[in-house]
Amino acid sequence: MNGVLLVNKPKGMTSHDVVNRLRRILNMKKIGHTGTLDPNAEGVLMVLLGNSTKILPFIKNHTKEYVASLTFGYESNTLDIWGNLTEYPVKYPGLEQVQQALQSFVGKQQQIPPMVSAIKVNGKKLYEYAREGKEIEREPRDIEIMEMELLNYDQTITFRCACSSGTYIRSLCVDLADRLGQKGILSSLTRTKIDSFALKDTYSLEDIEQGNFRLLSNYQVLNQYPYIEYHDINDIKNGKQIYLNCDEEIVMIVENQTIIAAYAKEKDGIYVSRRGLW
(Lines give C-alpha, C1' and ligand atoms only; values in the text may rest on other atoms or scores of the structure.)
Protein backbone atom coordinates (compact mmCIF):
# COMPACT_ATOMS: atom_id res chain seq x y z
CA MET A 1 0.00 0.00 0.00
CA ASN A 2 1.59 3.24 -1.20
CA GLY A 3 0.23 6.76 -0.93
CA VAL A 4 -0.57 9.64 1.37
CA LEU A 5 -3.27 9.29 4.01
CA LEU A 6 -4.95 12.30 5.63
CA VAL A 7 -5.82 11.42 9.21
CA ASN A 8 -8.00 13.36 11.63
CA LYS A 9 -5.79 13.04 14.69
CA PRO A 10 -7.83 12.85 17.89
CA LYS A 11 -6.95 14.64 21.12
CA GLY A 12 -4.93 12.65 23.63
CA MET A 13 -2.71 10.88 21.11
CA THR A 14 0.76 11.84 19.94
CA SER A 15 1.48 11.81 16.22
CA HIS A 16 3.74 8.82 16.91
CA ASP A 17 0.81 7.05 18.62
CA VAL A 18 -1.24 7.53 15.46
CA VAL A 19 1.53 6.07 13.29
CA ASN A 20 1.82 3.04 15.60
CA ARG A 21 -1.94 2.53 15.52
CA LEU A 22 -1.92 2.68 11.70
CA ARG A 23 0.88 0.12 11.56
CA ARG A 24 -1.38 -2.31 13.42
CA ILE A 25 -4.53 -1.45 11.47
CA LEU A 26 -2.89 -1.64 8.04
CA ASN A 27 -0.45 -4.40 8.99
CA MET A 28 2.56 -2.56 7.56
CA LYS A 29 5.73 -1.08 9.01
CA LYS A 30 6.71 1.54 6.45
CA ILE A 31 4.69 4.52 7.71
CA GLY A 32 5.67 8.04 8.78
CA HIS A 33 4.07 11.43 9.33
CA THR A 34 5.15 14.75 7.80
CA GLY A 35 4.89 17.00 10.86
CA THR A 36 4.07 16.58 14.53
CA LEU A 37 0.75 17.71 15.95
CA ASP A 38 0.65 18.21 19.73
CA PRO A 39 -0.99 15.44 21.81
CA ASN A 40 -3.74 17.81 23.05
CA ALA A 41 -4.37 19.13 19.54
CA GLU A 42 -6.54 17.53 16.89
CA GLY A 43 -6.98 17.77 13.15
CA VAL A 44 -5.16 17.17 9.88
CA LEU A 45 -2.14 14.86 10.08
CA MET A 46 -0.47 13.88 6.80
CA VAL A 47 0.79 10.28 6.88
CA LEU A 48 3.02 8.62 4.26
CA LEU A 49 2.56 4.93 3.48
CA GLY A 50 4.96 2.48 1.83
CA ASN A 51 7.05 3.90 -1.00
CA SER A 52 5.49 7.32 -0.42
CA THR A 53 7.77 7.66 2.62
CA LYS A 54 10.44 8.48 0.00
CA ILE A 55 8.83 11.88 -0.60
CA LEU A 56 9.39 13.08 2.98
CA PRO A 57 12.52 15.15 2.14
CA PHE A 58 10.47 16.99 -0.51
CA ILE A 59 7.56 17.89 1.75
CA LYS A 60 8.40 21.55 2.27
CA ASN A 61 7.01 24.88 3.32
CA HIS A 62 3.43 23.77 3.68
CA THR A 63 0.90 26.45 4.52
CA LYS A 64 -1.01 25.40 7.64
CA GLU A 65 -4.35 26.60 8.99
CA TYR A 66 -5.43 26.34 12.62
CA VAL A 67 -8.42 27.22 14.74
CA ALA A 68 -7.21 28.07 18.23
CA SER A 69 -8.63 29.39 21.47
CA LEU A 70 -6.86 31.78 23.85
CA THR A 71 -7.94 31.91 27.49
CA PHE A 72 -7.04 35.01 29.49
CA GLY A 73 -5.81 35.13 33.08
CA TYR A 74 -3.24 32.36 33.10
CA GLU A 75 0.45 31.72 32.60
CA SER A 76 1.83 28.22 32.03
CA ASN A 77 5.22 26.53 31.70
CA THR A 78 3.92 24.90 28.49
CA LEU A 79 2.12 28.04 27.22
CA ASP A 80 -1.19 26.12 27.31
CA ILE A 81 -3.84 24.99 29.80
CA TRP A 82 -2.26 21.53 30.13
CA GLY A 83 0.83 22.78 31.94
CA ASN A 84 1.44 24.14 35.45
CA LEU A 85 -0.89 27.13 35.75
CA THR A 86 -0.47 30.45 37.51
CA GLU A 87 -3.59 32.61 37.71
CA TYR A 88 -3.69 36.38 37.09
CA PRO A 89 -6.41 39.03 37.24
CA VAL A 90 -8.05 39.85 33.92
CA LYS A 91 -9.29 43.07 32.40
CA TYR A 92 -11.01 41.91 29.24
CA PRO A 93 -10.12 43.97 26.16
CA GLY A 94 -12.79 45.35 23.85
CA LEU A 95 -13.80 43.67 20.58
CA GLU A 96 -12.18 46.34 18.40
CA GLN A 97 -8.93 46.07 20.36
CA VAL A 98 -8.93 42.28 19.86
CA GLN A 99 -9.57 42.67 16.11
CA GLN A 100 -6.69 45.14 15.76
CA ALA A 101 -4.33 42.96 17.78
CA LEU A 102 -5.08 39.92 15.60
CA GLN A 103 -4.44 41.84 12.37
CA SER A 104 -1.17 43.25 13.75
CA PHE A 105 0.35 39.75 13.53
CA VAL A 106 -0.25 39.39 9.78
CA GLY A 107 3.01 39.41 7.79
CA LYS A 108 6.57 38.11 7.94
CA GLN A 109 8.19 38.09 11.36
CA GLN A 110 10.37 36.11 13.75
CA GLN A 111 9.20 33.82 16.51
CA ILE A 112 11.11 32.14 19.33
CA PRO A 113 10.16 28.44 19.51
CA PRO A 114 8.65 27.31 22.83
CA MET A 115 10.57 25.00 25.16
CA VAL A 116 7.93 22.30 24.60
CA SER A 117 8.73 22.05 20.86
CA ALA A 118 10.51 19.15 19.15
CA ILE A 119 13.31 21.33 17.73
CA LYS A 120 16.72 19.88 18.46
CA VAL A 121 19.49 21.84 20.21
CA ASN A 122 22.83 20.05 20.57
CA GLY A 123 21.20 16.80 19.47
CA LYS A 124 18.43 16.94 22.07
CA LYS A 125 14.80 18.01 21.66
CA LEU A 126 13.72 21.15 23.48
CA TYR A 127 10.86 19.40 25.26
CA GLU A 128 13.39 16.94 26.71
CA TYR A 129 15.27 19.86 28.28
CA ALA A 130 11.93 21.23 29.51
CA ARG A 131 11.12 17.94 31.25
CA GLU A 132 14.42 18.29 33.12
CA GLY A 133 13.43 21.80 34.18
CA LYS A 134 16.04 23.42 31.95
CA GLU A 135 15.57 26.60 29.90
CA ILE A 136 17.69 26.63 26.73
CA GLU A 137 18.48 29.71 24.66
CA ARG A 138 16.63 29.49 21.34
CA GLU A 139 17.28 31.29 18.08
CA PRO A 140 14.28 33.12 16.60
CA ARG A 141 12.91 31.60 13.40
CA ASP A 142 11.42 33.28 10.35
CA ILE A 143 7.68 32.70 9.99
CA GLU A 144 4.82 34.26 8.07
CA ILE A 145 1.21 34.71 9.09
CA MET A 146 -1.01 35.14 6.06
CA GLU A 147 -4.44 35.48 7.70
CA MET A 148 -5.90 36.05 11.16
CA GLU A 149 -9.68 35.92 11.59
CA LEU A 150 -11.67 36.32 14.80
CA LEU A 151 -14.30 33.57 15.03
CA ASN A 152 -15.65 34.20 18.53
CA TYR A 153 -14.94 36.40 21.54
CA ASP A 154 -16.70 35.71 24.82
CA GLN A 155 -14.00 35.98 27.50
CA THR A 156 -12.08 33.39 25.44
CA ILE A 157 -10.81 34.36 21.97
CA THR A 158 -11.27 31.81 19.19
CA PHE A 159 -9.47 32.63 15.95
CA ARG A 160 -8.41 31.14 12.63
CA CYS A 161 -4.75 31.46 11.59
CA ALA A 162 -3.24 30.65 8.19
CA CYS A 163 0.53 30.55 8.54
CA SER A 164 3.80 29.16 7.28
CA SER A 165 5.11 25.80 8.40
CA GLY A 166 7.06 26.13 11.65
CA THR A 167 4.71 28.63 13.29
CA TYR A 168 3.92 27.82 16.92
CA ILE A 169 0.34 28.72 17.79
CA ARG A 170 0.88 28.42 21.55
CA SER A 171 3.59 31.10 21.29
CA LEU A 172 1.26 33.19 19.13
CA CYS A 173 -1.45 32.99 21.83
CA VAL A 174 0.91 34.19 24.54
CA ASP A 175 2.14 37.02 22.31
CA LEU A 176 -1.43 37.98 21.41
CA ALA A 177 -2.43 38.18 25.07
CA ASP A 178 0.68 40.23 25.81
CA ARG A 179 -0.16 42.65 22.99
CA LEU A 180 -3.55 43.09 24.65
CA GLY A 181 -1.87 43.82 28.01
CA GLN A 182 -2.96 40.49 29.53
CA LYS A 183 -1.70 37.07 30.50
CA GLY A 184 -3.12 34.32 28.35
CA ILE A 185 -2.50 30.81 27.07
CA LEU A 186 -3.64 28.37 24.39
CA SER A 187 -6.74 26.44 25.47
CA SER A 188 -7.66 24.46 22.32
CA LEU A 189 -6.07 23.78 18.94
CA THR A 190 -7.32 22.19 15.73
CA ARG A 191 -5.27 22.00 12.54
CA THR A 192 -7.89 22.55 9.86
CA LYS A 193 -5.69 22.56 6.72
CA ILE A 194 -2.34 21.58 5.26
CA ASP A 195 -2.10 23.47 1.97
CA SER A 196 -5.40 22.73 0.18
CA PHE A 197 -6.06 19.53 2.15
CA ALA A 198 -8.75 20.30 4.72
CA LEU A 199 -10.31 18.64 7.73
CA LYS A 200 -13.22 17.51 5.53
CA ASP A 201 -10.71 15.44 3.50
CA THR A 202 -9.46 13.47 6.52
CA TYR A 203 -10.37 10.06 7.91
CA SER A 204 -10.76 9.05 11.54
CA LEU A 205 -8.86 6.04 12.86
CA GLU A 206 -12.23 4.27 13.07
CA ASP A 207 -12.87 5.00 9.35
CA ILE A 208 -9.48 3.56 8.47
CA GLU A 209 -10.04 0.50 10.67
CA GLN A 210 -13.25 -0.19 8.73
CA GLY A 211 -11.51 0.30 5.38
CA ASN A 212 -13.36 3.53 4.62
CA PHE A 213 -10.55 5.68 3.22
CA ARG A 214 -8.79 6.69 0.02
CA LEU A 215 -5.14 7.53 -0.48
CA LEU A 216 -3.67 10.54 -2.25
CA SER A 217 -0.90 9.97 -4.76
CA ASN A 218 2.54 11.58 -4.63
CA TYR A 219 1.46 13.49 -7.74
CA GLN A 220 -1.41 15.11 -5.84
CA VAL A 221 0.76 16.07 -2.86
CA LEU A 222 3.98 17.41 -4.42
CA ASN A 223 2.36 19.91 -6.80
CA GLN A 224 4.35 22.81 -5.31
CA TYR A 225 7.18 21.60 -7.56
CA PRO A 226 7.26 21.89 -11.39
CA TYR A 227 6.18 18.67 -13.12
CA ILE A 228 8.23 17.85 -16.21
CA GLU A 229 7.73 15.04 -18.72
CA TYR A 230 11.06 13.79 -20.06
CA HIS A 231 11.40 12.06 -23.44
CA ASP A 232 13.40 9.05 -22.18
CA ILE A 233 11.98 7.73 -18.94
CA ASN A 234 14.56 4.93 -18.84
CA ASP A 235 17.29 7.54 -18.38
CA ILE A 236 15.34 8.81 -15.38
CA LYS A 237 14.85 5.36 -13.89
CA ASN A 238 18.56 4.70 -14.32
CA GLY A 239 19.38 7.94 -12.51
CA LYS A 240 21.21 9.55 -15.42
CA GLN A 241 22.13 13.23 -15.54
CA ILE A 242 19.82 15.15 -17.88
CA TYR A 243 19.55 18.57 -19.53
CA LEU A 244 16.45 20.71 -18.93
CA ASN A 245 15.57 24.18 -20.13
CA CYS A 246 14.61 25.21 -16.60
CA ASP A 247 15.72 27.44 -13.71
CA GLU A 248 14.04 25.66 -10.82
CA GLU A 249 16.23 24.17 -8.09
CA ILE A 250 14.20 20.95 -7.82
CA VAL A 251 11.78 19.44 -10.35
CA MET A 252 9.66 16.30 -10.45
CA ILE A 253 9.94 14.10 -13.53
CA VAL A 254 6.53 12.58 -14.27
CA GLU A 255 4.96 10.02 -16.58
CA ASN A 256 1.18 9.58 -16.85
CA GLN A 257 0.61 11.55 -13.63
CA THR A 258 3.10 9.39 -11.75
CA ILE A 259 6.19 10.98 -10.25
CA ILE A 260 9.22 8.96 -11.34
CA ALA A 261 12.04 10.92 -9.71
CA ALA A 262 13.09 14.17 -8.09
CA TYR A 263 15.90 16.00 -9.92
CA ALA A 264 18.03 18.88 -8.62
CA LYS A 265 19.84 21.56 -10.60
CA GLU A 266 23.61 21.10 -10.55
CA LYS A 267 24.43 23.99 -12.87
CA ASP A 268 22.72 25.85 -15.71
CA GLY A 269 20.49 23.35 -17.48
CA ILE A 270 22.16 20.31 -15.93
CA TYR A 271 20.03 18.27 -13.49
CA VAL A 272 21.01 15.25 -11.43
CA SER A 273 18.85 12.64 -9.78
CA ARG A 274 18.06 13.24 -6.11
CA ARG A 275 15.78 10.27 -5.54
CA GLY A 276 13.72 7.74 -7.48
CA LEU A 277 10.06 7.99 -6.43
CA TRP A 278 8.13 5.54 -8.60
Side-chain angles (χ1 to χ4, degrees), residues 6-12 15 35-46 61-83 85-118 140-202:
L6 298 177
V7 180
N8 186 354
K9 188 193 90 64
K11 291 179 185 176
S15 301
T36 301
L37 194 55
D38 287 349
N40 291 304
E42 59 186 341
V44 184
L45 184 70
M46 187 177 281
N61 300 331
H62 281 305
T63 298
K64 309 282 181 67
E65 183 185 88
Y66 298 90
V67 170
S69 292
L70 158 63
T71 296
F72 290 117
Y74 293 95
E75 201 170 51
S76 162
N77 62 322
T78 57
L79 312 187
D80 59 38
I81 61 168
W82 301 285
L85 302 180
T86 304
E87 196 166 354
Y88 290 85
V90 181
K91 184 179 179 181
Y92 290 103
L95 179 61
E96 187 176 343
Q97 190 182 359
V98 170
Q99 292 274 28
Q100 289 174 350
L102 283 167
Q103 294 311 309
S104 72
F105 282 94
V106 174
K108 294 182 179 180
Q109 58 205 270
Q110 289 195 314
Q111 185 185 64
I112 296 175
M115 279 300 302
V116 289
S117 67
R141 294 159 60 111
D142 292 329
I143 65 164
E144 183 176 6
I145 295 176
M146 282 72 85
E147 296 176 22
M148 290 283 272
E149 179 188 8
L150 180 65
L151 301 178
N152 188 55
Y153 177 40
D154 181 13
Q155 298 186 340
T156 294
I157 293 174
T158 301
F159 64 93
R160 180 183 66 84
C161 174
C163 55
S164 61
S165 189
T167 302
Y168 288 94
I169 305 300
R170 66 181 68 232
S171 296
L172 180 61
C173 282
V174 172
D175 292 342
L176 174 58
D178 183 64
R179 199 161 291 188
L180 290 165
Q182 306 294 322
K183 296 291 186 182
I185 52 177
L186 175 76
S187 51
S188 73
L189 182 65
T190 302
R191 185 154 67 197
T192 50
K193 269 188 182 181
I194 299 178
D195 288 336
S196 62
F197 305 115
L199 203 52
K200 64 179 177 58
D201 304 316
T202 64

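- The shortest distance between side-chain heavy atoms of L189 and N40 does not fall below 4.5 Å.
- In this view, S104 and R179 satisfy the side-chain hydrogen bond (donor to acceptor under 3.5 Å, both in side chains) rule, not counting sequence neighbours.
- A distance of 10.5 Å separates CG in L176 from CD in Q182, rounded to the nearest 0.5 Å.
- A distance of 5.0 Å separates CG of L70 from CZ of F72, quoted to the nearest 0.5 Å.
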D201 vs S196, test: side-chain contact (heavy atoms from CB on, under 4.5 Å). Steps then yes/no.
CA-CA 10 Å; D201 304 316; S196 62; over 6 Å; no
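- A donor-acceptor contact shorter than 3.5 Å links the side chain of Q109 to the backbone of G107.
- Shortest non-hydrogen contact noted between P39 and K9 is O-NZ, 3.2 Å.
- Every residue was checked against the side-chain contact (heavy atoms from CB on, under 4.5 Å) condition with P89, not counting sequence neighbours, and none meets it.
- Once rounded to the nearest 0.5 Å, the distance linking OG1 of T192 with CG of N8 reads 11.0 Å.
- Scanning all heavy atoms of the two residues, the minimum distance from Y168 to P114 falls at CG-CD, 3.4 Å.
- Side-chain contact between L79 and C173 is absent, with no heavy-atom pair separated by less than 4.5 Å.
- Residues that satisfy the side-chain contact (heavy atoms from CB on, under 4.5 Å) test with Q110, not counting sequence neighbours, are P140, D142.
- Considering only residues two or more places apart in sequence or on other chains, K183 meets the salt bridge (charged side-chain N to carboxylate O under 4.0 Å, His left out) condition with E75.
- A pairwise comparison of heavy atoms in L186 and A68 identifies CD1-CB, 3.9 Å as the closest pair.
- By the side-chain contact (heavy atoms from CB on, under 4.5 Å) test, T71 pairs with Y74, T156, S187, sequence neighbours left out.
- Scored by the salt bridge (charged side-chain N to carboxylate O under 4.0 Å, His left out) test, R160 finds E65, E147, E149 as partners (sequence neighbours excluded).
- Using a 4.5 Å heavy-atom threshold, the side chains of L150 and L95 count as touching.
- Annotation: side-chain hydrogen bond (donor to acceptor under 3.5 Å, both in side chains) contacts of Q97 (sequence neighbours excluded): none.
- If you run side-chain contact (heavy atoms from CB on, under 4.5 Å) between Y153 and each of T158, V98, L102, only V98 comes through.
- Applying the salt bridge (Lys or Arg N to Asp or Glu O under 4.0 Å) test to every pair with at least one member in residues 85-101, sequence neighbours left out, gives no pairs at all.
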L172 and F159: CA distance, side-chain angles, deciding distance, side-chain contact (heavy atoms from CB on, under 4.5 Å) verdict:
CA-CA 11 Å; L172 180 61; F159 64 93; 4.1 Å; yes
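- With contacts defined as side-chain heavy-atom distances shorter than 4.5 Å, the pair I185/L85 qualifies.
- A heavy-atom distance below 4.5 Å is not found between the side chains of F197 and T202.
- Considering every non-hydrogen atom in both G43 and L199, the closest pair reads CA-CD1, 3.7 Å.
- For the pair Y92 and Q155, the minimum side-chain heavy-atom distance is below 4.5 Å.
- A distance of 9.0 Å separates CD1 of I81 from OG1 of T78, quoted to the nearest 0.5 Å.
- For the side-chain contact (heavy atoms from CB on, under 4.5 Å) test, residues two or more places apart in sequence or in another chain that qualify with S164 are I143, E144, T167.
- Residue S15 comes nearest to G35 through the heavy atom pair OG-O, 4.5 Å, listed as atom of the first residue, atom of the second, then distance.
- Using a 4.5 Å heavy-atom threshold, the side chains of M46 and L6 count as touching.
- The stretch residues 185-195 participates, sequence neighbours left out, in no salt bridge (Lys or Arg N to Asp or Glu O under 4.0 Å) pair at all.
- With sequence neighbours excluded, the residues forming a side-chain hydrogen bond (donor to acceptor under 3.5 Å, both in side chains) with E42 are T190, listed by chain and number.
- Contact record, L37 with Y66: CD1-CE2, 4.4 Å, taken as the closest heavy-atom pair.
- Residues that satisfy the salt bridge (charged side-chain N to carboxylate O under 4.0 Å, His left out) test with D38, not counting sequence neighbours, are R170.
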